[in-house]
Amino acid sequence: MKTPSTFQKKVYDACRHIPCGKVVTYGQLAREINCGSARAVGQALRVNPFAPEVPCHRVIKSDRSLGGFYGHKSGPEIDRKRRLLEKEGVAFDTAGKVLKESGWEFSLAKGK
DNA sequence: ACCGTGACGGCGA
DNA sequence: TTCGCCGCCACGG
């Protein structure tokens, strides 16, 4: 397997810090590692050799849709991603969007 | 070194 | 509110 680039290591490291039942957007993750492109982050996660050891399934799009998983933007892979999150307590609406995270105190702070 | 691609994001129509 | 276009960065061929 190919050695992860420095950039990818930063992405995986930041991703690892995401607690159970919590989700983050690609953009937020990008800010964490001081990167101006959410796309670049997505590309790194796309080839993540440590999934799901590195919880890349907790990373979603800013519009609250799931984004992708294992290089797929839809299909069984995405379905699996959704269930992983549900198992961690993340709720979804009928449109398949993330409704709330774990149902903890910060779900209140999120407004919405 | 150049070019095309992609798990994204924001804004205008 | 949904759709499309353009800008953003990193990577592989």
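Below, read A as the first sequence line, B as the second, and so on, with proteins coming before strands; counting in each chain starts at 1.
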Shortest side-chain distance from A/Phe7, nucleotide among B/dC8, C/dA10, C/dC8: C/dA10

Side chain of A/Gln8 (C-beta onward), nearest among B/dG9, C/dC11, B/dA7: C/dC11

Closest nucleotide among B/dC8, C/dC9, B/dA7 to the A/Ala38 side chain: B/dC8

Whole-Å gap separating P (C/dC8) and CD (A/Gln28): 21 Å

A/Gly68 to A/Tyr26 - nearest heavy-atom pair and separation: N-OH, 3.6 Å

Distance-only donor-acceptor test, A/Arg39 side-chain atoms vs C/dG7 base atoms, 3.5 Å: yes

Separation of atom NZ in A/Lys2 from atom P in C/dA10, rounded to whole Å: 14 Å

Between B/dA7 (P) and A/Phe50 (CZ): distance, integer Å: 21 Å

Steps toward salt bridge (charged side-chain N to carboxylate O under 4.0 Å, His left out) verdict (A/Arg80, A/Glu77): CA-CA 5 Å; A/Arg80 213 167 298 141; A/Glu77 304 298 330; 3.1 Å; yes

Secondary-structure notation, DNA chain C, from Watson-Crick and G-U pairs under 3.5 angstrom (| other strand): .||||||.|||||

Main-chain N/O of A/Leu85 paired to A/Arg58 side chain as donor or acceptor, under 3.5 Å: no

Separation of B/dC8 P from A/Leu66 CG (nearest whole Å): 11 Å

Interatomic distance, A/Leu45 CG vs B/dT5 P [rounded to whole Å]: 22 Å

A/Asn34 atom CG, over 12 foreign heavy atoms within 6.0 Å: no

Protein-nucleotide distance (A/Gln43, atom CD; C/dG13, atom C1'), rounded to Å: 13 Å

Any A/Thr25 side-chain N or O less than 4.0 Å from OP1/OP2 of B/dC8: no

Under 4.0 angstrom between A/Ser62 side-chain N/O and B/dG10 OP1 or OP2: yes

Sugar-phosphate, base or nothing in reach of A/Tyr26, heavy atoms under 4.0 Å: base

Ion pair check, A/Lys22 and A/Glu88, cut-off under 4.0 Å: no

Gap between atoms CG and C1', on A/Asn34 and C/dC8 respectively (whole Å): 14 Å

Check against salt bridge (charged side-chain N to carboxylate O under 4.0 Å, His left out), A/Arg16 and A/Glu53: CA-CA 8 Å; A/Arg16 210 166 345 198; A/Glu53 201 166 328; over 6 Å; no

Spacing of A/Arg46 atom CZ relative to B/dA7 atom P, expressed in whole Å: 6 Å

Intermediate values then yes/no, salt bridge (charged side-chain N to carboxylate O under 4.0 Å, His left out), A/Lys9 and A/Asp13: CA-CA 6 Å; A/Lys9 288 179 188 172; A/Asp13 188 63; over 6 Å; no

